[in-house]
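Read through the structure below, which is laid out as structure tokens, and then see the notes.
Every value quoted in this text rests on a predicted model; they were computed, and no experiment measured them.
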Amino acid sequence: MIYIGVTGWGDHDSLYPGQISPRDKLKEFAGHFPIVEVDSAFYAIQPQRNAEKWVNETPESFQFIVKAYQGMTGHMRGEIPFQNKQEMFSAFKDSLEPYINKNKLAMVLFQFPPWFQCARENVEYLRWCKNEMGEIPCALEFRNQSWFAPQYRIKTLDFMKKEAWIHSICDEPQSGEGSIPTVLETLDSEKVLIRFHGRNVHGWQKRNADNWREVRYLYRYNPQELEEWAASLKNLETESKDVYVLFNNNSGGDAADNAKEMIDLLEIEYGGLAPRQLDLF
């Protein structure tokens with residue numbers, strides 16, 4: 001099955017008719033898509049009460065992809081707000097219990113930063129992370145192209161498969177060391193993840209600019225690009241039972257529209273979605 005959604009549920013204005021409280025957006029969101037990425041977990045380990053609210057207000061079949069906390073992936077500058085890494089991982093795993101208890105955790109996404117390059121100490125850290133997460137399904141996404149350099153590509157994929165990482169395949173701008181190519185390889189017969197970041201090379205390179213969040217993911221996929229990817233998604237479905245697709249190109253509000261276009265292209269009709277609010281007109 002191909003599950004299509006977007007990253008976060010707060011900023012997709014095209015999904016929400018009229019005036020809707022931020023507290024009610026996930027309920028409405030779940031009438032459009034069967035999955036979502038919890039990106040707030042990257043910025044702070046969420047209290048269990050948040051996850052409990054989210055799992056209770058979504059349909060039984062709805063699934064969450066929870067982004068790993070930034071202290072776990074090396075994005076955080078300075079000291080982590082925990083005694084040690086084990087305590088940090090333990091707190092994060094505790095935050096996942098409501099999803100797990102309701103069978104709504106699709107996976108945890110470990111997205112590493114552009115400076116996390118293919119090096120022995122980083123390979124060892126990935127092995128340590130996977131061991132700490134235990135049986136929790138985890139996806140791995142790189143942002144440094146050295147992992148897929150010709151001399152390391154096969155070794156990287158073999159390592160990920162051996163360590164039981166779910167592959168997070170990316171469509172993103174190709175702008176040097178801080179971006180990775182699209183590697184259409186599934187490593188798990190059960191799950192694979194695809195994330196669409198857009199193809200705005202200019203915005204991708206301006207990470208240190210004041211408005212980088214406004215331009216980094218500013219891109220709308222055109223019909224031809226979506227059609228090419230629709231064929232690739234069908235091929236991936238022959239190799240992995242469940243294909244999870246997330247659109248992250250939302251600097252201009254395009255993610256939800258592109259996600260819906262992809263659903264139409266693939267002629268998918270999801271059952272079990274939440275009832276939607278009706279617009280006034």
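For Gln151, the CD atom is densely surrounded, since the number of other residues' heavy atoms within 6.0 Å is greater than 12. Within 6.0 Å of the CD atom in Glu177, the count of heavy atoms belonging to other residues, nucleotides or ligands does not exceed 12. Annotation for Glu121: atom CD counts as buried by contact number, over 12 foreign heavy atoms lying within 6.0 Å. Few gaps surround CG on Asn84; more than 12 heavy atoms of other groups in view lie less than 6.0 Å from it.
Of the possible donor and acceptor atoms, none in the side chain of Glu57 sits under 3.5 Å from a partner among the backbone N and O of Leu26. Formation of a donor-acceptor pair under 3.5 Å by the Glu237 side chain with backbone atoms of Val243 is not found in this model. In this structure, the side chain of Thr156 engages the main chain of Tyr152 through a donor-acceptor pair within 3.5 Å.
In summary, of the residues considered (Phe196, Phe247, Tyr221), a ring pair (Phe, Tyr, Trp, His ring centres under 6.0 Å) with Trp229 occurs for Phe196 alone. Each of Phe33, Trp54, Tyr16 was scored for a ring pair (Phe, Tyr, Trp, His ring centres under 6.0 Å) with Trp9, with one residue passing: Trp54.
Side-chain N/O atoms of Asn101 and Glu97 include no donor and acceptor closer than 3.5 Å. The closest side-chain donor-acceptor pair between His12 and Glu28, if any, does not fall under 3.5 angstrom. For the residue pair Glu141 and Ser168, a side-chain donor N or O sits within less than 3.5 Å of a side-chain acceptor on the partner. Between Glu261 and Asn258, the side chains place a donor N or O and an acceptor N or O closer than 3.5 Å (distance only, hydrogens not considered). Between the side chains of Thr58 and Lys104, at least one donor-acceptor pair of N or O atoms lies under 3.5 Å.
Note on ring orientation: taking the six-membered ring where Trp is involved, the planes of Tyr244 and Tyr3 are parallel (angle under 30°, cut-offs 30° and 60°). Between Phe116 and Phe142, the ring planes lie parallel to each other; the angle is under 30°, not in the 30° to 60° tilted range.
Residues Ile169 and Leu236 form a side-chain contact, since some pair of their non-hydrogen atoms from C-beta on lies under 4.5 Å apart. With contacts defined as side-chain heavy-atom distances shorter than 4.5 Å, the pair Lys93/Ile136 qualifies. With contacts defined as side-chain heavy-atom distances shorter than 4.5 Å, the pair Thr186/His167 does not qualify. When side chains are defined from C-beta on, Val201 does not count as touching Tyr219, because their heavy atoms never get closer than 4.5 Å.
Put simply, CD1 on Ile4 and CD1 on Ile268 are 4.5 Å apart, with the number rounded to the nearest 0.5 Å. The NE2 atom of His197 lies 12.0 Å from the OG atom of Ser251; values are rounded to the nearest 0.5 Å. Once rounded to the nearest 0.5 Å, the distance linking CZ of Phe112 with CZ of Arg143 reads 12.5 Å.
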